Number of protein chains: 2
Amino acid sequence: MTVTIYDVAREAKVSMATVSRVLNGTAVVKEDTKKRVQDAIAKLGYRPNAVARGLASKKTRTIGVIVPDVSAAFVAEVVRGIEDIATMYEYHIILTNSDGEIEREVDLIGTMWEKQVDGIIYMTNKLSQEHIAAFEAAQIPVVLCATEDPERRIPSVNIDNRQSGYDAGEYLLSRGCSSLAYVTTPLGVSVVADRRGEGLERSAKQPLIRIEIPDAHYHSALPIIKEIFESTKVDGIVAASDELGLAAIHAAQDLGRPVPASVKVMSFDNTRLAEMVRPEMTVIAQPMYDFGAVSMRLLTKLLKDEPVDNYSVTLLHNIVERQST
Amino acid sequence: MTVTIYDVAREAKVSMATVSRVLNGTAVVKEDTKKRVQDAIAKLGYRPNAVARGLASKKTRTIGVIVPDVSAAFVAEVVRGIEDIATMYEYHIILTNSDGEIEREVDLIGTMWEKQVDGIIYMTNKLSQEHIAAFEAAQIPVVLCATEDPERRIPSVNIDNRQSGYDAGEYLLSRGCSSLAYVTTPLGVSVVADRRGEGLERSAKQPLIRIEIPDAHYHSALPIIKEIFESTKVDGIVAASDELGLAAIHAAQDLGRPVPASVKVMSFDNTRLAEMVRPEMTVIAQPMYDFGAVSMRLLTKLLKDEPVDNYSVTLLHNIVERQST
DNA sequence: CTGTTAGCGCCTTCAG
DNA sequence: CTGAAGGCGCTAACAG
């Protein structure tokens with residue numbers, strides 16, 4: 001039924017070791033016999049069993065990817081980046097969603113360990129001590145992707161979140177805004193969002209108004225933002241995601257305040273949404289694809305014990321100016 | 001370093017066979033010794049090696065998921081559905097993107113086979129004979145997800161695409177439209193889209209105008225649709241995706257034709273985009289999450305040789321009426 | 001350059 | 001109810 005390396009060996013009249021060698025290029029094999037082996041492989045339609053291989057070599061060439069939720073545009077884009085580079089280096093990814101539940105996240109690290117993944121790429125809103133402990137227990141190379149690690153004890157790739165918040169504020173002020181608000185998740189939910197808030201705060205001339213949207217969804221944000229517009233004199237909005245940015249735009253419009261004339265709105269991310277709505281949204285663009293791609297690339301280096309000059313990579317963010325400001 | 005089943009056996013003073021039994025519940029074990037084993041497991045922090053397990057049992061509890069591109073909203077949602085049900089049944093998923101390239105897709109089936117996945121969930125725009133051949137060669141249970149299989153030789157879950165196209169047309173006509181156009185990919189690119197077009201055509205009173213957008217992207221669609229608006233008297237648009245639907249709305253608006261007053265627009269999918277834009281879009285909602293969830297559920301049945309009453313599941317689509325019509 | 005021989009960690013008969 | 005023994009398919013020394 002299943003053709004094994006033995007079958008190939010027999011067919012090619014060599015030992016299985018030789019077959020293994022041509023398969024892995026792990027040693028020099030005479031051209032002639034190599035050809036015989038390759039012919040046998042083709043003839044029998046042999047495909048090496050990755051599981052057996054994994055058991056014997058203790059390397060599975062698969063990496064675990066733990067994200068809050070693939071169905072979020074931002075995350076999906078990151079995953080795409082991861083997967084592209086993974087295939088490039090001949091790795092596969094096991095994808096799991098944690099919904100940001102720390103218990104499940106820690107559990108998943110254990111599961112990944114059972115699966116013998118060679119490495120893990122990890123995205124979460126809030127890194128806890130439990131996480132760190134789980135990583136250390138699992139003894140698997142981990143790369144933190146787009147998540148804040150205050151201690152910087154774990155390899156990571158991120159942008160300078162605080163700076164990006166600061167830049168957003170500066171930009172809006174330079175565009176003539178005088179009273180800023182930050183539409184985001186409640187404090188403590190997302191460390192990334194909080195860090196940006198800090199930067200924003202630093203740039204704002206006046207105390208920053210925080211507009212907190214528990215589930216960070218468009219529809220729940222709409223009424224909440226409207227209320228703020230009605231009770232304050234906010235003329236500049238920074239939103240923690242494109243979705244929230246759009247809610248802000250619509251909230252303003254609903255109150256007869258044209259964007260950008262009366263109030264300017266910009267958001268974080270630069271998902272496709274930002275360029276498909278009207279007015280098109282000015283954003284602090286995040287290198288979503290690159291978050292994934294660079295994380296995976298960094299992980300391959302870790303796995304090969306290649307020299308790494310920087311264990312905590314900071315990617316660049318940039319402002320894409322469009323019509324909402 | 002790594003603690004194995006032997007270590008647990010020694011610690012519990014039983015044989016490894018017994019440990020295996022309590023681990024898998026594969027036979028009755030005396031309460032007393034079972035407890036000893038469990039204590040030993042806890043004490044040593046033992047976690048079974050899934051790879052070794054996979055080699056010995058020939059079951060890896062991982063399934064391969066092949067999709068065109070996770071970063072597409074529709075796909076990401078499906079993948080989420082797959083993953084949720086997979087975890088529920090204690091499976092993991094290996095995710096790969098094919099970009100719809102048939103060569104790569106066939107190649108991936110082979111790779112999945114090497115990885116010894118227990119099953120495959122497959123999404124593609126166009127099922128070819130090569131695919132079928134590859135499936136049969138791999139001898140792995142496959143479930144086609146949201147892709148048209150004219151022959152119905154492979155288990156699948158889908159909606160009635162032709163009917164959904166027909167429904168869209170009927171709906172628009174009932175809303176007073178008299179000249180319809182279908183914004184979609186070029187003929188032959190996506191069998192699903194083509195099938196819907198057939199249904200639409202059947203419902204339309206007049207020959208249907210096809211507006212083909214090679215890459216199906218918002219920005220490329222915009223000018224093309226405008227041109228059609230200018231050269232024809234179209235007053236009803238059905239778009240093959242929410243993104244294209246939005247392009248149609250904006251194209252109309254740009255030409256001073258209000259939506260829905262002057263032209264009505266509806267699209268397929270019902271991704272979040274549809275409910276976040278203005279006017280909110282009427283859609284033929286597809287059960288994206290369920291495509292994934294049901295596919296995975298079906299696959300678990302196939303893997304357990306459970307009786308399946310329907311190998312080709314048809315999920316229901318429905319019209320969600322919003323402001324664009 | 002090539003063959004032989006041990007395992008990798010676990011499941012699974014087969015005895016007892 | 002439990003133990004012993006033989007693989008699963010492949011890699012990796014170690015010889016030759």
Side-chain angles (χ1 to χ4, degrees), chain A residues 1-38 40-41 44-62 90 110-118 139, chain B residues 1-38 40-41 44-62 90 110-118 139:
Chain A
M1 187 66 256
T2 66
V3 18
T4 78
I5 201 173
Y6 282 101
D7 302 317
V8 176
R10 193 179 323 118
E11 177 75 26
K13 301 186 197 312
V14 295
S15 75
M16 53 166 299
T18 301
V19 178
S20 177
R21 284 182 191 111
V22 341
L23 237 38
N24 304 300
T26 185
V28 189
V29 176
K30 210 200 300 175
E31 257 325 303
D32 176 41
T33 76
K34 178 192 275 185
K35 173 115 176 48
R36 280 220 315 284
V37 171
Q38 286 167 335
I41 288 177
L44 301 179
Y46 168 74
R47 307 217 58 156
N49 180 324
V51 174
R53 213 175 220 182
L55 182 59
S57 69
K58 293 179 162 303
K59 289 189 177 341
T60 54
R61 298 210 76 82
T62 109
E90 300 187 292
T111 318
M112 290 299 181
W113 161 235
E114 288 189 2
K115 282 281 187 176
Q116 308 293 114
V117 297
D118 295 341
Q139 296 267 61
Chain B
M1 187 65 256
T2 65
V3 18
T4 78
I5 202 172
Y6 282 101
D7 301 318
V8 176
R10 192 179 324 119
E11 178 73 26
K13 299 187 198 310
V14 296
S15 75
M16 52 162 300
T18 301
V19 178
S20 177
R21 285 181 189 112
V22 341
L23 236 38
N24 304 301
T26 184
V28 189
V29 176
K30 210 199 300 175
E31 258 322 304
D32 176 41
T33 74
K34 177 192 276 186
K35 172 114 176 49
R36 280 219 315 286
V37 171
Q38 286 166 335
I41 288 176
L44 301 179
Y46 168 74
R47 308 215 59 154
N49 179 325
V51 174
R53 214 174 221 183
L55 181 58
S57 69
K58 293 178 163 303
K59 289 190 176 344
T60 55
R61 297 210 75 81
T62 109
E90 299 187 296
T111 317
M112 290 298 181
W113 161 236
E114 288 189 2
K115 282 281 187 177
Q116 308 293 114
V117 297
D118 295 340
Q139 298 267 62

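What you are looking at is a predicted structure, and each value in this text was computed from that prediction instead of being measured.
Separating the CG atom of A:L23 from the C1' atom of D:dA12 is a distance of 14 Å, rounded to the nearest angstrom. A:D32 has its CG atom 12 Å from the P atom of C:dC1, to the nearest Å. The nearest whole Å value for the distance from the CG atom in A:N24 to the C1' atom in D:dC10 is 9 Å. B:R47 places its CZ atom 12 Å from the P atom of C:dC10, with the value rounded to the nearest Å. We find that NZ of A:K59 is positioned 13 Å from C1' of C:dC8, with the value rounded to whole Å. Remark: P of D:dC10 and CZ of A:R61 are 17 Å apart, rounded to the nearest angstrom.
Between the side chain of A:R53 and the main chain of A:P48, no donor-acceptor pair closer than 3.5 Å is present. Distance alone, capped at 3.5 Å, is enough to place a donor-acceptor pair between the B:D118 side chain and the B:T60 backbone. No donor-acceptor distance shorter than 3.5 angstrom exists from the side chain of A:N24 to the backbone of A:T26, with no hydrogens or angles considered.
Under 4.0 angstrom from either OP1 or OP2 of D:dG9 there lies at least one side-chain N or O belonging to A:T2. Residue B:K58 places none of its side-chain N or O atoms closer than 4.0 Å to OP1 or OP2 of D:dG7. OP1 or OP2 of C:dC11 sits under 4.0 Å from a side-chain N or O of B:S20.
Between atom OG1 of residue B:T4 and atom CG of residue B:L44 there is a gap of 9.5 Å, rounded to the nearest 0.5 Å. Taking OG1 of B:T18 as the reference point, atom CZ of B:R36 lies at 9.0 Å (rounded to 0.5 Å). Expressed to the nearest 0.5 Å, how far NZ of B:K34 lies from CZ of B:R21 amounts to 13.0 Å. Residue A:K13 holds its NZ atom at 14.0 Å from OG1 of A:T33, rounded to the nearest 0.5 Å. Expressed to the nearest 0.5 Å, how far CD of A:E11 lies from CD1 of A:I41 amounts to 11.0 Å.
For the pair B:V37 and B:A12, the tightest heavy-atom approach, listed with the atom from each and the gap, is CA-CB, 3.8 Å. The two residues A:M16 and A:I5 come nearest to each other via the heavy atoms O-CD1, 3.7 Å.
DNA chain D is contacted by B:L55, B:A56 of residues 49-57 of chain B, taking any non-hydrogen atom closer than 4.0 Å.
Residues A:D7 and A:R10 are paired through a salt bridge, judged by an N-O separation under 4.0 Å between the basic side chain and the carboxylate.
Taking five base pairs at each end of the helix from C:dC1-D:dG16 to C:dG16-D:dC1, the local helix axes there meet at an angle of 30°, rounded to 10°.
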Could you go through nucleotides 2-5 of chain C and list every protein N or O atom that sits under 3.5 Å from one of its N or O atoms, giving the distance for each pair?
| from | atom 1 | to | atom 2 | distance (Å) |
| --- | --- | --- | --- | --- |
| C:dT2 | OP1 | A:T33 | OG1 | 3.2 |
| C:dT2 | OP2 | A:K30 | N | 2.9 |
| C:dT2 | OP2 | A:T33 | OG1 | 3.2 |
| C:dG3 | OP2 | A:S15 | N | 2.8 |
| C:dG3 | OP2 | A:S15 | OG | 3.3 |
| C:dG3 | OP2 | A:T18 | OG1 | 2.8 |
| C:dG3 | N7 | A:R21 | NH1 | 3.3 |
| C:dG3 | N7 | A:R21 | NH2 | 3.4 |
| C:dG3 | O6 | A:R21 | NH2 | 2.3 |

